[in-house]
Amino acid sequence: MRPLRDADQLLSRIRAIHEAIRDDVLAACETRSAEDLAAAVGDEAGDTVFEIDRVSEASLLRRFEELARDWPLLLVAEGLGADGRRVLPTGTREEDTEIVVLVDPIDGTRGLMYQKRPAWILTGVAAARQGNADRAGNAGNAGNAGSAGAAGNGGAAATLGDIVLAVQTEIPLVKQHLSDTLWATAGVGARAERFNRLTGERIPLPLHPSRARGIRQGYGGLARFFPGARGDLAAIDDDVVLRVLGPIEKGRAATFEDQYISTGGQLYELIMGHDRWMADLRPLVQPLLRARGQELGLCCHPYDLSTELIAREAGVLVTGWSGDRLSAPLDVFTDMAWMGYANAEIRAQVEPALAAALRARGLLPGE
């Protein structure tokens with residue numbers, strides 16, 4: 001990983017951008033109807049674009065254009081057209097960019113536009129890997145299920161493993177007056193603060209992944225938001241719990257789950273000690289769907305995991321399906337499978353059970 005120039009100043013600028021996007025989106029939520037904001041206005045990079053997304057995208061482009069005057073950048077995000085890429089300032093050559101910025105302007109759009117649950121602004125920054133001597137580097141590989149990354153000098157070479165600065169900011173519900181922001185710099189650690197929208201007060205927010213030594217009576221599970229393979233994913237989830245805890249006791253709840261339709265939100269729950277483990281394995285069930293003549297639906301993408309650095313710096317163990325560190329290209333296409341564990345003891349219990357459950361169904365890649 002290459003360090004960033006003036007990293008502290010860059011962090012401050014990105015946090016300010018996040019706050020501006022948050023305020024713009026909140027203003028739209030306060031003044032426009034849910035039906036208006038939930039109107040589908042397009043389909044880009046494999047996902048539906050809603051009217052609320054257009055609010056965040058306009059704010060995003062305007063403010064990153066300003067940032068790029070000091071840090072020429074390749075912006076990779078939803079809503080930037082078919083390839084999800086934009087070189088800024090406008091007119092700059094990609095080989096002259098200094099940083100790659102991977103963004104999800106609203107992670108959790110569906111929950112936010114219906115005012116069901118907060119969403120998140122996610123941003124990860126890596127040094128651009130160019131061919132010239134002062135920016136050279138080694139290309140990573142995806143290491144995850146899915147397609148290859150986008151072409152180009154700046155974005156194709158950099159991977160999630162190259163992200164050295166990350167920020168995620170909560171877009172609260174209209175009725176919610178508190179908003180959390182978390183950030184991290186590689187090797188320095190993660191920090192957070194809680195912002196009071198009513199008073200303007202900012203207070204430090206402690207980050208403390210669960211220290212529980214097991215999963216019993218805790219939250220955790222597999223992501224299964226959409227139709228297609230929910231039954232299969234639920235069966236894998238049940239299998240994991242049975243392998244770890246044994247038979248369910250009559251009248252007792254062994255574990256709990258929380259289907260937060262936001263990858264940034266899922267990472268937040270792990271970071272704050274609310275969840276003990278999480279796995280999103282949607283790409284791995286593709287063989288089952290293919291055998292039924294069905295298509296794989298929406299999956300997690302690299303921009304959804306652009307802030308996994310924060311979780312790792314806070315002590316959460318985040319891996320790909322193979323147990324290795326995530327290293328997908330910085331694009332908007334690659335289908336991602338990932339796991340997160342609050343601590344090493346929980347990982348030691350869940351990871352082998354999860355592998356066994358996948359292997360039993362012929363879904364463990366490479367076997």
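Side chains included, hydrogens not; waters and symmetry mates left out as well; all remaining heavy atoms used.
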For this session: For Arg361, look at atom CZ and say whether over 12 heavy atoms of other residues, nucleotides or ligands are found less than 6.0 Å away.
Result: yes
Exercise. So, the side chain of Asn343 versus the backbone of Val316: is there a donor-acceptor pair under 3.5 Å, distance only?
Worked result: no
Problem set entry | Residues Arg117, Asp258: salt bridge by 4.0 Å N-O rule | yes
Problem set entry | Single-linkage hydrophobic cluster Ile21~Phe195, side-chain heavy atoms < 4.5 angstrom | no
For this session: Test Glu295 against Arg290 for salt bridge (Lys or Arg N to Asp or Glu O under 4.0 Å), laying out the working first.
Result: CA-CA 7 Å; Glu295 294 293 334; Arg290 188 180 295 120; over 6 Å; no
Problem set entry | Expected output: side-chain Thr109 to main-chain Ile106 donor-acceptor under 3.5 Å | yes
Problem set entry | Among Ile310, Leu309, Thr181, Leu182, side chain to side chain contact (heavy atoms under 4.5 Å, CB included) partner for Val167 | Thr181
Problem set entry | Presence of salt bridge, Asp232 and Arg230, under 4.0 angstrom | no
Problem set entry | Charged tip of Arg276 within 45° of Tyr341 ring normal and under 6.0 Å | no
Seminar exercise, completed: Checking Leu102, Asp104, Asp107, Leu326 against Leu305 for side chain to side chain contact (heavy atoms under 4.5 Å, CB included), the one that qualifies is Leu326
For this session: Taking all heavy atoms of Leu26 and all of Pro172, pick out the closest pair and write down the distance.
Result: CD2-O, 3.2 Å
Exercise. Any Lys/Arg nitrogen of Arg86 or Glu78 sitting under 4.0 Å from an Asp/Glu carboxylate oxygen of the other?
Worked result: no
Problem set entry | Closest non-hydrogen atom pair between Arg282 and Leu296, with its separation | O-CD1, 3.4 Å
Exercise. For Thr255, does its backbone N or O pair with a side-chain atom of Gln217 as donor and acceptor, under 3.5 Å?
Worked result: no
Problem set entry | Any donor-acceptor pair under 3.5 Å from Glu170 side chain to Asp180 backbone | yes
Exercise. If only atom types and distance count, is the side chain of Glu98 paired as donor or acceptor with the main-chain N or O of Ala128 below 3.5 Å?
Worked result: no
Exercise. Under the 3.5 angstrom rule, does the side chain of Asp304 hit a backbone N or O of His301 as a donor-acceptor pair?
Worked result: yes
Problem set entry | Closest heavy-atom pair and its distance - Gly221, Asp237 | CA-OD2, 3.4 Å
Problem set entry | Asp331 side chain to Thr334 backbone, donor-acceptor under 3.5 Å | yes
Problem set entry | Atom of Glu313, atom of Val188 and distance for their closest heavy-atom approach | OE1-N, 3.7 Å
Problem set entry | Residue pair Pro118 / Gln176: nearest heavy atoms and the distance that separates them | CG-OE1, 3.2 Å
For this session: Please confirm whether the backbone N or O of Tyr303 pairs with a side-chain atom of Ser306, one donor and one acceptor, at under 3.5 Å?
Result: yes
Problem set entry | Least distance between heavy atoms, Arg243 atom then Ala357 atom | NE-N, 3.9 Å
Problem set entry | Polar side-chain atom of Gln259 near backbone of Leu222 as donor-acceptor pair, under 3.5 Å | yes
Exercise. Looking at Arg63, Arg13, Arg202, which one forms a salt bridge (charged side-chain N to carboxylate O under 4.0 Å, His left out) with Glu19?
Worked result: Arg202
Exercise. Salt bridge check: are Glu193 and Arg15 linked by an N-O gap of less than 4.0 Å?
Worked result: yes
Exercise. Would you call Arg312-Glu308 a salt bridge at under 4.0 Å N-O?
Worked result: yes
For this session: Can you sort out the partners of Tyr268 under ring pair (Phe, Tyr, Trp, His ring centres under 6.0 Å), two or more places apart, ordered by chain and number?
Result: Trp120
